[in-house]
Every structure is written in C-alpha cells, then in structure tokens.
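No hydrogens, no waters, no symmetry mates; every other heavy atom, side chains included, goes into these values. In listed order, ligands and their atoms are each counted from 1.
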Amino acid sequence: MTSPPAPTAPPTLRWIGEGPNGTLELLDQTLLPGEVVALACRTDDDVFAAIRRLSVRGAPAIGVSAAYGLVLGVRDALAAGGSRADFDAALHASAEKLAASRPTAVNLFWALARCRRVLSLEPDLAPQDAAERLLAEARTIEEEDRAMCAAIGRNGADLLPDFPEPIDGPGGELGLLTHCNAGGLATAGDGTALSVLFEAHRRATAAGKRVRVYADETRPLLQGARLTAWELTRRGVPTTVLCDSAAASLLATGRVHAVVTGADRVAANGDAANKIGTFPLAVMAQRFGVPFYIAAPTSTFDRDLPRGADIPIEQRDADEVLNYGALRTAADGAEAYNPAFDVTPADLIAALITERGVIESPTADAVAEHLKTA
Ligand SMILES: CSC[C@H]1O[C@H](OP(=O)(O)O)[C@H](O)[C@@H]1O
C-alpha cells in the first residue's frame, strides 16, 4: 500500500516581497517534525536569533539566510534617507552582528563577505540601488546553492558502491548511514549528504533495487531523528533511525555499504568539521572497511585554514545535554561538555563530494587542485 503524499510544507527559507522591503520567512526547525511553522524575520536581529537557536541551521542555509539578513539590516539606514556612507556603515554593522551568530559553519562568513565585496565594487550606487543589488546577490546565492545541491547529489550517487547480491534477497538493500541533517533543511535545495541519498534512492527505484537509509538520531538536538527522518520519510525513502551509540554495532552487521555526511567547514588539507559524533563514525567506518564520504559545496571549503585543528568549534549551552526539552534528564549538580562539532581528519575520508566532482583520498594538494577553478 503506497502511503499518501506528505502534506506540503513551506520551504526551508524564502524571501517574501519584490524588493528589499520584504521579509525572510524561515521554516522553524526547532519545532519539526511535530509542528510546521514559518517564522517571519523582519530585522537582522531576527535572523541572528533564528541562526543562534537553530530555527535555521546547516552551513549553506545559514549562509543564504545571512545574505538576506543583510538586506534586513540596512533597511533602517535606507528609510532614514542617509548617504551611501551611512548605508555602508549599516551594512558593516549588520555583517558584524550576523557573523557573531555561530562560529563554525564557514558559509556564514563566506556569504557575508561575498555580499559586501559585491557592493564594494559599486561604490557609486545610491543606497536604494545598493539595497536592490544586495537583494539580487542574496537571491543568486540561494539559486546557486540549489544548483549545487543537485550536482552534489549526482556526483555522490555516481560514487556509491554497487548493490549487494542477490538484490532481491534479505541483504539486497544498499544500506547508507548518515549523521545529523544535511538535507533540504540545511540548504536552499535538496541538501548535500541527503541529496546523494535522495538521488541514490531515485536511481535504485528506477532500476527495481532497494536502498535503506540509516539515520543517527544525533544527540543532543536530534537533527537526525527529527529532521533527516522527516525529510526522508516524506519522500518515501526507507528510513531506520538509530541511537548514535548503535552505529558501531550496525556497521559490524555489514548492512551499511557507505556512510555519507555533510560538513560545516572543510580545511585546506581536507579535514572536515561536522556535527559532533561524525569523527567516531569515520573511525568506525574505517574499522569495518566501509567508505566514509563527506558531501559539501565548495562554499564550505575554507582555503585560508590550513588544517582541521584550526576550525573554531562552537561550544553550546549545557542545558542542551543536561535536559531534553523542558525535562531535566541529568542529575542535579552535573555539568556538561557540549561541543556542537568535531573534526574528521582527511585520512579517514574516502572522498569529498562537491558540486564540481569528487576529491578521492583528499590531501591539501588535491583540494587545492579541485578548488582552482571554483
Ligand atoms: C549541509 S550543512 C549540515 C550540517 O550542519 C549541521 O550542524 P547544525 O545542525 O548544528 O547546523 C550538521 O553539522 C550538518 O552536517
């Protein structure tokens, strides 16, 4: 029996309004999957707060949202009818504010710098025209991200192992394991890691074969159980959620043929920062001879950062670990260790998958070559 089509949901993000005097609407991911609620951001403070509390999250989605946040951030200067210098001062202040929302996802800083660079090349634009140009750049970043997701999906699906034989046997499913959420909710398109998984499922279905995605629940905020499982099940992808601590046992069963995750920042040598729990997954994948792939657009690569140890790791509030929602789960008096990300060294990564292709056995030279024309 085919399940009824999932009810439509608003996109991860969208700009509402023809010109700069619009609103950034975000799907509030802190409420998913139970509630599908759109959040209206009318100021850059609203965008800062949404990024900070993970109403919008995921490196590419954070970057696109910050670009639109700049448009909201210059609105008062525009309304005040000041000079271009006043406009540029407001732009600088807004960029500084948004840059302080979260430290690890490099797309945030990449998008802010790109928008500011575009305007610096047109210093003679009047404030209204400069605001229009800013909005146009934010829209371009969003459209490019959507296209990058599709290309990453194709490039990653091409890389996946062959289906286990017999394809119609009990072990005939291609098992793919992922961590956290690197889906449409983390981007302006179909996601990075999840774009690979969606494409693999599409191709398998067309060929009469089967794919199953195993999704780590991803403590402490459960992006896997709440967001990845929501995205996959809505699209009919067979999905099994597991505790993060069960991943090693699952890999030992041989039911997983590849691990695919996203990234928040890739250093120049190919080391990659991603949600906490990714690094041990890569270690376990190597232990069981399962290829470990990271899918990320070139906008997530930080060419100025030589190695993963240099990536700033966000330390988040202790309550995220000590409580679950409003329920206190840890004993009173206990403290918490809550880094939001960890770093997987390049030598544990079989390939980095980007919109331009793949970087197999990533090294600093291979990454530099791949980014040469990006
Ligand atoms: C495609 S980027 C997704 C990336 O971002 C997530 O972190 P967070 O939910 O804290 O923004 C996680 O690291 C995902 O892999």
What protein heavy atom lies closest to [atom]? Include the residue and the distance to one decimal.
atom                    : value
atom 9 (O) of ligand 1  : Arg57 NE, 2.6 Å
atom 13 (O) of ligand 1 : Asp264 OD1, 2.5 Å
atom 3 (C) of ligand 1  : Asn181 O, 3.4 Å
atom 12 (C) of ligand 1 : Cys180 SG, 3.4 Å
atom 1 (C) of ligand 1  : Thr192 OG1, 3.4 Å
atom 2 (S) of ligand 1  : Ala59 N, 3.2 Å
atom 15 (O) of ligand 1 : Asn274 OD1, 2.5 Å

Taking only heavy atoms of [X], which atoms of ligand 1 are found under 4.0 Å from at least one of them?
X      : answer
Pro60  : 1 (C), 2 (S)
Gly58  : 2 (S), 3 (C), 5 (O), 11 (O)
Ala263 : 2 (S)
Arg102 : 8 (P), 10 (O), 11 (O)

Open item on the list: Pairs of nitrogen or oxygen atoms closer than 3.5 Å, one from His179 and one from ligand 1: do any exist?
Closed with: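 No, His179 has no N/O under 3.5 Å of an N/O on ligand 1.
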Open item on the list: When you measure from the centre of the six-membered ring of Phe198, is the NZ or CZ of Arg235 closer than 6.0 Å and no more than 45° off the axis?
Closed with: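 Yes - Arg235 lies over the ring of Phe198, closer than 6.0 Å to its centre and within 45° of its axis.
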Task: Contact partition for Leu221 relative to ligand 1, non-hydrogen atoms under 4.0 Å - done: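 The answer is neither; Leu221 stays 4.0 Å or more away.
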Open item on the list: Once you restrict to heavy atoms under 4.0 Å, what part of Lys275 touches ligand 1? Side chain, backbone, both or neither.
Closed with: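 Both the backbone and the side chain of Lys275 come within reach of ligand 1.
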